Amino acid sequence: MARILTQTKTAAVNPLKSSQPMGAAMAFLGIDGALPILHGSQGCTSFALVLLVRHFKHMVPLQTTAMDQMATVVGGAEFLEKALVKLKARTWPRLIGICTTAVAETRDEDIAGDIINAKGARPRKLIDTEVVLARTPDFAGAVEEGWSKAVTATIEAITRPGTQDRDPAKVVILPGSNITVADVEHLRETVESFGLTPLILPDVSGGPEEAVRDRWIPIARGGAKVEDIRDLGAATQCIAVGEQMRRSAEALQGLTGLPYVMFGSLAGLINADRFAWLLAAISRDNTPTAIRRGRMQLQEAMLSGHFHLAGKKIAIACEPDQLLQFAQFFIGMGAVITAAVTTTAHSEALQIVPVDTIQVGDLGDLEELAVDVDLLVTHSHGRQAAERLGVPLMRVGFPVFDRIGSQHKLSILYRGTRDMIFEVANIVQATQGLPPARHLPNPYS
């Protein structure tokens, strides 16, 4: 079991984490016809919007209640009601996701009551629109917590309670925030190859029916449908990917009695095997040929990549579930994790990360701990640290804004693990034989 070292600094100079409301907004964007609204000042939303646009490389539908100085003092109920009514009239969303920020949360407002009052005062204005509240203050947690709270709140608000007739071909999948667009698409294809129908929440890939559009639409298009979310209890099995999704899976089980299976990660041979065995058991059929071929290709890649990665020193800074994913991946390839930094100490995933110590901190902490490493693994904000240390950087997580295609990189199951081995091995090969790096001083120490 890893020893968790809590953060002792009074300020994060080079932050690793992003905020809870941003994670919640990203989750709501995985629902068809959804419109996430940050309940707070315009600045909170502007900062989040910049990061989202830089990461995804396209416009993102994100709105704000635009609380001003007066609302910060007397309350933002009026601003919330106006935002709900105006945005419903302008965009006609199927779901409005309210993500609270520190501006609203520090007053401990009854935001759930404000939403009920707004619906009661304007019943005709807000008809046919689900309003879901996720309490996500900026001053606590990070993207994982916000994502989890949004998914849990959506299930609790929309899914029909009670035991339903089970459809043996339907499987609910709850992916964590570290699952990319390519990962979701691969998950769907894999489940369908077993003759099953996946219900993915959230579905950040846009869903199988999403098409290229010639005009800007100010709500999320494609993804999990509200009608399917209502009927999640009619599936035969729930699969939660990442410890962050345990709360959502438990909420679904409590409402409908639907059993769930937890996967801390879907990367690596063992995790991919377990996932394939589960799908085979649900479908009561043999594993498809394409899946078995992917397993053989991964075994060959592991054999080839081991010669390049065995003994390499790796420093990782990620959210807890992603830290577990990459730590298991590198350990499985014979590498050594010499530094592990994460955003929060409250995730159960940290208890099974295969390292001795985990530092809760920022990228300044990572730079101090990454002594004589061969590779840094973190998001784009770690590029300056990598330059000062003179080591290559493998960009993962959120945000990745100085490279294109990050959301279309596969990192799970047989094919994704194979591709990650190739990527890391190529990075290591490209840096072998170069003159020793000139380490620059760390400005954060």
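As the structure is a prediction and not an experimental result, all values here were calculated from the model. Worth knowing before you read on, the calculation uses all heavy atoms, side chains too, and leaves out hydrogens, waters and symmetry mates.
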Can we say Asp273 and Arg295 salt-bridge, meaning some charged N sits less than 4.0 Å from an Asp/Glu carboxylate O?
-> yes

pair Pro93-Leu87: side-chain heavy atoms closer than 4.5 Å | no

Does any N or O in the side chain of Thr100 come within less than 3.5 Å of the main-chain N or O of Thr136, such that one atom is a donor and the other an acceptor?
-> yes

Judged by modelled atom types alone, do Ser380 and Arg403 share a side-chain donor-acceptor pair under 3.5 Å?
-> no

So Phe326 and Phe329, would you call those rings parallel, tilted or perpendicular, with 30° and 60° as cut-offs?
-> perpendicular

Between the side chain of Trp147 and the main-chain N/O of Met22, is any donor-acceptor distance below 3.5 Å?
-> no

Indicate yes or no for a side-chain donor-acceptor contact from Gln407 to the backbone of Ala182 under 3.5 Å, with no hydrogens or angles considered.
-> no

Check: His381 ring centroid to Phe401 ring centroid under 6.0 Å | yes

Is any side-chain heavy atom of Val396 less than 4.5 Å from a side-chain heavy atom of Val400?
-> no

Just by distance, with hydrogens left out, do Ser411 and Asp419 show a side-chain donor and acceptor under 3.5 Å apart?
-> no

Do the non-hydrogen side-chain atoms of Thr101 and Pro137 ever get within less than 4.5 Å of each other?
-> no

Judged by atom type as modelled, is there a donor-acceptor pair below 3.5 Å linking the side chain of Thr417 to the main-chain atoms of Leu413?
-> yes

Neighbour count above 12 (heavy atom, 6.0 Å) for Phe47 CZ | no

Quick check: does any side chain N or O of Asp203 sit under 3.5 Å from a backbone N or O of Ile200, one acting as donor and the other as acceptor?
-> no

Is the count of non-hydrogen atoms from other residues, nucleotides or ligands lying under 6.0 Å from Asp356 atom CG greater than 12?
-> no

Worked check of salt bridge (charged side-chain N to carboxylate O under 4.0 Å, His left out) between Lys17 and Glu319 | CA-CA 7 Å; Lys17 70 177 182 179; Glu319 301 251 350; over 6 Å; no

With a 4.5 Å limit on heavy-atom distance, are the side chains of Cys99 and Phe28 in contact?
-> yes

Stepwise side-chain contact (heavy atoms from CB on, under 4.5 Å) test for Leu84 and Glu81 | CA-CA 5 Å; Leu84 290 173; Glu81 180 179 337; 5.7 Å; no

Kindly say whether Pro36 contributes a backbone atom to a donor-acceptor pair with the side chain of Gln63 at under 3.5 angstrom?
-> no

Where do Arg246 and Glu243 land on the salt bridge (charged side-chain N to carboxylate O under 4.0 Å, His left out) test, with the steps shown first?
-> CA-CA 5 Å; Arg246 184 182 294 275; Glu243 186 63 36; 2.6 Å; yes

So, for His55 and Phe398, is the gap between ring centers shorter than 6.0 Å?
-> yes

Nearest heavy atoms of Ala315 and Ala370, plus distance in Å | CB-CB, 3.8 Å

Can you tell me if Gln328 uses its side chain to pair, donor with acceptor, with the backbone of Gln325 under 3.5 Å?
-> no

Over 12 non-hydrogen atoms of neighbours within 6.0 angstrom of NZ in Lys57 | yes

Can you find a heavy atom in the side chain of Thr152 that is under 4.5 Å from one in the side chain of Lys149?
-> no

Would a 4.5 Å heavy-atom cut-off, applied to side chains only, mark Met333 and Ile421 as touching?
-> yes

So, do Val172 and Gln237 sit near enough that their side-chain heavy atoms are less than 4.5 Å apart?
-> no

Would you indicate whether the side-chain heavy atoms of Val377 and Leu375 approach each other to under 4.5 Å?
-> yes

Within the side chain of Thr236, is there an N or O that forms a donor-acceptor pair under 3.5 Å with the backbone of Pro168?
-> no

Hey, is the main chain of Leu324 close enough, under 3.5 Å, to the side chain of Asp321 for a donor-acceptor pair?
-> no

Under the 3.5 angstrom rule, does the side chain of Ser148 hit a backbone N or O of Met245 as a donor-acceptor pair?
-> no

Report the C-alpha separation of Ser193 and Ile291 in whole Å, then their side-chain angles, then the decisive distance to 0.1 Å, and conclude whether the side-chain contact (heavy atoms from CB on, under 4.5 Å) test is met.
-> CA-CA 9 Å; Ser193 71; Ile291 304 297; 4.0 Å; yes

Could you check Lys225, Arg230, Lys88, Arg94 and say which one makes a salt bridge (charged side-chain N to carboxylate O under 4.0 Å, His left out) with Glu130?
-> Arg230

